Amino acid sequence: MGSRVRDILARVKSDLAGINGSGSYNYDLSGTDQVVIAQAMDPVRVPCVYVYSDTMDTSQAAGRTILTQYDRTLRVMCVGYLAATNDDPGELHLRTWDMLADMQRALEADRGLGSPGSLLCDDLELAMVATDGAQVGRPTMGIAVVALTITFRQDSGDPG
């Protein structure tokens, strides 16, 4: 049996892979290798998103947390890469915000990361950053970063 973190990352990946360029979406991330669970600074193709988790905190709040459970806070990074279409840095910056809008729309549509009766988390919050790739040695790319804070309650002893 895998950890809950494995299940959460798989669901985040699935939600982001649902960005298909139609309707209200700007980009198409529905290809088989466009949303990847891994940490990478050198994308294989663009547009793409890398999903990884780097931190989970555990707490118990008196009067709120059931004695046999823990409150968990998982931090998940979703780092998207896209290519410039011309030499205008302003256009690349705006395109990066378009990608962030797609990621926000897909993730906030599934705030419990699951369907009723099988929710993986209680809630998620997003913090977003649009970065010029030149700042990290990728001058022709925009980098869209979504930092997810995912909260859930878990029985003590269950794999996190």
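All values reported here derive from a predicted model rather than from experimental measurement.
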### Message
Quick check against the 3.5 Å criterion: does S115 have a side-chain atom that pairs as donor or acceptor with the backbone of S118?
### Response
no
### Task
Output, in order, the C-alpha distance, side-chain angles, deciding distance and verdict of side chain to side chain contact (heavy atoms under 4.5 Å, CB included) for F152 and L119.
CA-CA 9 Å; F152 59 95; L119 298 176; over 6 Å; no
### Message
Which residues pass the side-chain hydrogen bond (donor to acceptor under 3.5 Å, both in side chains) test with D110, not counting sequence neighbours?
### Response
R11
#### Entry: D54: salt bridge (charged side-chain N to carboxylate O under 4.0 Å, His left out) partners, not counting sequence neighbours
none
### Query
Would a distance-only check, ignoring hydrogens and angles, find a side-chain to backbone donor-acceptor pair under 3.5 Å from Q34 to G31?
yes
### Summary
On a heavy-atom basis, the closest approach of I143 and G133 is CD1-CA, 3.9 Å
### Message
Is there a side-chain contact between T151 and D71 in this structure, where contact means two heavy atoms from C-beta onward sitting under 4.5 Å apart?
### Response
no
### Message
Could you tell me if the side chain of L124 sits less than 4.5 Å from the side chain of L113, heavy atoms only?
### Response
yes
### Query
Atom SG of C121 and atom CZ of R72: how far apart are they, to the nearest 0.5 Å?
14.5 Å
### Message
Return the CG to CD distance between L74 and Q154, rounded to the nearest 0.5 Å.
### Response
10.0 Å
### Message
Return the CE to OG distance between M77 and S53, rounded to the nearest 0.5 Å.
### Response
10.0 Å
### Query
Side-chain contact, heavy-atom cut-off 4.5 Å: L92 with L94?
no
### Query
Tell me, do L107 and V12 make a side-chain contact under 4.5 Å, heavy atoms counted?
yes
#### Entry: With D57 via salt bridge (charged side-chain N to carboxylate O under 4.0 Å, His left out) - residues at least two apart
R75
### Summary
Tightest non-hydrogen contact, residues H93 and A130, listed as CE1-CB, 4.1 Å
### Query
Does atom OH of Y70 have more than 12 heavy-atom neighbours, drawn from other residues, nucleotides or ligands, at distances under 6.0 Å?
no
### Query
Does the R95 side chain pair with the main chain of A83, one donor and one acceptor, at a distance under 3.5 Å?
yes
### Task
Please test Q69 against D155 for side chain to side chain donor-acceptor pair (under 3.5 Å), starting from the C-alpha separation and ending with a verdict.
CA-CA 4 Å; Q69 294 184 332; D155 291 339; 2.9 Å; yes
#### Entry: Spacing of OG1 belonging to T131 relative to OH belonging to Y81, to within rounding of 0.5 Å
9.5 Å
### Summary
Heavy-atom closest pair (M103 atom, V49 atom, distance to 0.1 Å) is CE-CG1, 4.1 Å
#### Entry: Evaluation steps, salt bridge (Lys or Arg N to Asp or Glu O under 4.0 Å), between R4 and D7
CA-CA 5 Å; R4 183 179 260 176; D7 295 339; over 6 Å; no
### Side chains of Y27 and D98 in contact at under 4.5 Å (non-hydrogen atoms)
yes
### Summary
Correct closest heavy-atom pair for Y52 and L9 would be C-CD2, 4.3 Å
### Stepwise side chain to side chain contact (heavy atoms under 4.5 Å, CB included) check, D122 with R153
CA-CA 7 Å; D122 298 325; R153 186 166 286 171; 4.2 Å; yes
### Query
If every non-hydrogen atom of D132 is compared with every non-hydrogen atom of P139, which pair is closest and at what distance?
OD1-O, 4.4 Å
### Min side-chain heavy-atom separation P43-Y50 under 4.5 Å
yes
### Query
What distance do L148 atom CG and E108 atom CD have between them, rounded to the nearest 0.5 Å?
9.5 Å
### Query
Within a strict 4.5 Å, meaning less than it, do heavy atoms of the I8 and I150 side chains meet?
yes
#### Entry: Any M99 side-chain heavy atom under 4.5 Å of N26 side chain
no
### Task
May I ask you to check whether over 12 heavy atoms, not counting those of R45, lie within 6.0 Å of atom CZ?
yes
### Message
Could you measure the distance from the SG atom of C78 to the CD atom of Q104? Nearest 0.5 Å is fine.
### Response
12.5 Å
